[in-house]
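Following: one structure in structure tokens, then a few remarks.
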2 protein chains.
Amino acid sequence: MTDGESIGTELDDAQLSLSVQLQRKLEKLILDGELKPGDKLNELELSQRFGTSRGPLREAMQNLCARGLAEAVRNRGVFVRTITPTEAFELYDVRAALFGLAGRLLSDRIDDAILKKLHGFVEDMDKLAEAQRYSDYYRTNLEFHDYLVQSAGNKMLVREYHSFVDRLHLCRIRGLVKSGALSISNREHAEMIDAAASGNNQRAQETFFRHVARSKLRFRSTLEEEGRI
Amino acid sequence: MTDGESIGTELDDAQLSLSVQLQRKLEKLILDGELKPGDKLNELELSQRFGTSRGPLREAMQNLCARGLAEAVRNRGVFVRTITPTEAFELYDVRAALFGLAGRLLSDRIDDAILKKLHGFVEDMDKLAEAQRYSDYYRTNLEFHDYLVQSAGNKMLVREYHSFVDRLHLCRIRGLVKSGALSISNREHAEMIDAAASGNNQRAQETFFRHVARSKLRFRSTLEEEGRI
DNA sequence: CCGTATTTGTCCGTATGTATG
DNA sequence: ACATACATACGGACAAATACG
């Protein structure tokens with residue numbers, strides 16, 4: 001297994017229908033910020049760009065709409081979804097609830113292997129915080145949260161959680177990119193692990209929930225500082 | 001306002017794109033059980049049945065796939081989603097988390113008007129339970145839960161909650177259609193209202209969560225009795 | 001292995017609606 | 001207000017790939 005995993009994005013063709021392939025490409029364009037909120041998804045332009053006809057492309061765009069990454073306006077076209085601050089707050093709350101469930105479920109199935117891996121994440125992030133390597137911290141932080149949700153063992157939850165993380169991504173917030181926020185945030189991570197390891201369902205859920213709730217508050221502060229609210 | 005609300009399903013045309021209209025019709029067919037899990041959605045047959053071309057129909061089917069009500073198999077077609085017991089349990093857990101969030105949010109904004117309406121629902125259901133009018137109880141029960149989620153004031157939550165309720169609907173469980181389960185269930189409803197009115201965030205969330213968790217247990221029992229597990 | 005049916009994707013035509021000058 | 005240009009929405013016909021009997 002020299003590679004075979006990381007390809008994924010380029011050569012997974014073949015098996016999937018064209019509309020699904022297009023859907024993923026569009027998704028990538030949006031999440032990478034190449035297509036920004038409010039941008040129009042021009043059928044002709046995109047179909048030529050991808051070398052397909054308009055049919056599959058329209059199907060892909062519909063798919064994005066259903067998942068909340070885009071929205072269609074009758075007779076005007078499809079646009080990248082614009083998330084208002086109010087909607088972002090709503091998304092945060094739902095994400096908190098989903099993440100809380102992850103904590104609750106995880107506390108019922110956590111074992112030494114998971115625990116070890118989780119502590120590894122936190123140690124890594126501690127070092128990255130100290131070294132002020134914000135970008136790496138951000139990435140590791142995402143992986144840490146992903147791993148937590150994955151470990152809860154509920155596929156529906158994983159799918160849904162990502163759906164909300166993706167939509168929040170439309171806001172382009174690297175909220176915690178300042179000063180000592182990193183180590184504070186990482187202290188919360190350690191608390192979450194303890195809560196999950198305690199075996200106390202409800203406590204784990206609440207701890208996980210509040211972690212995202214605090215992210216929401218930080219996000220709100222950022223918006224206020226930027227005068228966007 | 002003699003009517004105007006109940007039409008909705010028939011004459012909402014005009015404004016919406018054809019693919020959205022078709023999506024709703026297909027959704028109705030599935031949720032009404034006219035199309036059962038595993039059934040194939042034949043493009044030609046359906047497009048003729050609805051009097052449209054394949055384009056909008058395919059877009060509608062993609063939309064259903066994105067929302068988990070159907071699934072597409074390359075070069076074989078689109079089929080109504082089959083929910084395995086395992087998946088159903090997963091759906092219940094996520095639904096519980098979403099419903100718990102509704103309780104938490106509701107406890108922050110509940111007022112006399114909402115409280116009165118909620119108590120009205122419970123009284124109605126008490127009467128229906130006594131009269132053993134199961135079908136009416138079931139419908140009112142759904143309305144009650146919908147109203148709770150609506151009242152939480154988070155549109156993203158409403159949308160997501162319904163998505164999960166719909167998918168669970170694919171299992172066709174009228175789980176609580178037996179004996180004294182109704183009045184027991186309704187006692188839980190009263191407890192939920194009290195918890196929401198207490199103003200205690202966490203308690204409300206937990207109470208709401210456990211209500212769905214108990215539904216999950218009842219569902220599991222039903223499956224076991226039917227030997228499906 | 002072959003013939004049929006179905007799906008998938010493409011192309012073109014037309015109508016309708018929106019935006020722009 | 002009007003005309004033009006452009007994009008979308010929908011329909012229908014066609015070819016290719018694949019599944020199934």
Side-chain angles (χ1 to χ4, degrees), chain A residues 10-30 34-82, chain B residues 10-30 34-82:
Chain A
E10 293 296 337
L11 291 175
D12 54 5
D13 303 23
Q15 306 297 347
L16 293 76
S17 76
L18 192 51
S19 66
V20 174
Q21 297 176 37
L22 291 175
Q23 174 216 313
R24 303 223 172 144
K25 288 181 183 175
L26 288 176
E27 187 181 328
K28 185 168 164 52
L29 286 183
I30 292 175
E34 204 162 329
L35 286 170
K36 295 182 178 55
D39 282 0
K40 182 150 98 174
L41 301 179
N42 187 304
E43 289 186 4
L44 220 74
E45 177 194 329
L46 288 173
S47 64
Q48 287 171 352
R49 173 172 180 173
F50 293 129
T52 70
S53 65
R54 285 170 46 200
L57 182 71
R58 284 178 58 86
E59 293 170 18
M61 296 196 304
Q62 281 285 359
N63 217 306
L64 290 184
C65 291
R67 302 193 319 165
L69 287 176
E71 59 187 339
V73 182
R74 161 107 177 173
N75 290 325
R76 288 218 30 208
V78 176
F79 303 82
V80 179
R81 187 87 153 79
T82 298
Chain B
E10 294 293 340
L11 292 176
D12 53 8
D13 303 24
Q15 306 298 346
L16 293 75
S17 77
L18 192 50
S19 68
V20 175
Q21 296 176 39
L22 289 175
Q23 174 216 316
R24 304 223 172 144
K25 286 181 183 175
L26 288 176
E27 187 181 328
K28 185 167 163 52
L29 286 182
I30 293 175
E34 204 163 328
L35 286 170
K36 295 183 180 55
D39 282 0
K40 180 151 89 175
L41 301 179
N42 188 304
E43 289 187 3
L44 226 73
E45 178 195 328
L46 288 172
S47 63
Q48 288 170 354
R49 173 172 178 174
F50 293 129
T52 71
S53 66
R54 280 175 45 218
L57 182 70
R58 284 178 58 85
E59 292 171 19
M61 296 197 303
Q62 283 288 339
N63 220 304
L64 289 184
C65 290
R67 302 194 318 167
L69 287 175
E71 58 188 339
V73 183
R74 160 109 181 175
N75 290 324
R76 289 213 36 204
V78 175
F79 303 82
V80 178
R81 188 87 154 80
T82 297

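Naming: A, B, ... by sequence-line order, numbering from 1 per chain. Basis for what follows: all heavy atoms, side chains included, without hydrogens, waters or symmetry-related copies.
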Report task. Please answer whether the main-chain N or O of B:Gln62 pairs with a side-chain N or O of A:Glu59 as donor and acceptor at a distance below 3.5 Å. Result -> no

Query raised in the report: Short question: side chain of A:Glu71, backbone of A:Val80 - any donor-acceptor pair under 3.5 Å?
Result: no

Requested in this report: Mind checking salt bridge (charged side-chain N to carboxylate O under 4.0 Å, His left out) for A:Glu27 and listing every partner two or more places apart, or none if nothing turns up?
Outcome: A:Arg67

Query - For A:Arg76, all residues meeting salt bridge (charged side-chain N to carboxylate O under 4.0 Å, His left out), sequence neighbours excluded - result: none

Rounded to the nearest Å, what distance is computed from the [atom1] atom of residue [X] to the [atom2] atom of nucleotide [N]?
| X | N | atom1 | atom2 | value |
| --- | --- | --- | --- | --- |
| A:Asn42 | C:dA19 | CG | P | 14 Å |
| A:Gln48 | D:dC6 | CD | P | 14 Å |
| B:Lys40 | C:dT6 | NZ | C1' | 6 Å |
| A:Leu57 | D:dA9 | CG | C1' | 14 Å |
| A:Arg58 | D:dT8 | CZ | P | 8 Å |
| B:Leu16 | D:dC10 | CG | C1' | 16 Å |
| A:Phe50 | C:dG9 | CZ | C1' | 17 Å |
| A:Glu45 | D:dT8 | CD | C1' | 15 Å |

Query raised in the report: Looking at A:Arg49 and A:Glu34, does any basic side-chain N land under 4.0 Å from a carboxylate oxygen?
Result: yes

**Report entry** Per-nucleotide protein contact string for nucleotides 11-21 of chain D, where B marks a base within reach and S marks sugar-phosphate only (heavy atoms under 4.0 Å, - for neither)
**Finding:** B------SSS-

Query raised in the report: Nearest 0.5 Å, what's the NZ-OG1 distance between B:Lys25 and B:Thr52?
Result: 8.0 Å

Report summary line: Using Watson-Crick geometry (N1-N3 plus N6-O4 or O6-N4) or G-U wobble (N1-O2, O6-N3), each under 3.5 Å, C:dC1 is paired with none

Query raised in the report: Can you check side-chain contact (heavy atoms from CB on, under 4.5 Å) on B:Gln23 and B:Leu64, steps first, answer last?
Result: CA-CA 7 Å; B:Gln23 174 216 316; B:Leu64 289 184; 4.2 Å; yes

Requested in this report: Indicate, with a heavy-atom threshold strictly under 4.0 Å, whether B:Val73 touches base, sugar-phosphate, or nothing.
Outcome: sugar-phosphate

Query raised in the report: Looking for any heavy atom pair under 4.0 Å, which part of the strands does A:Glu43 touch: base, sugar-phosphate only, or nothing?
Result: sugar-phosphate

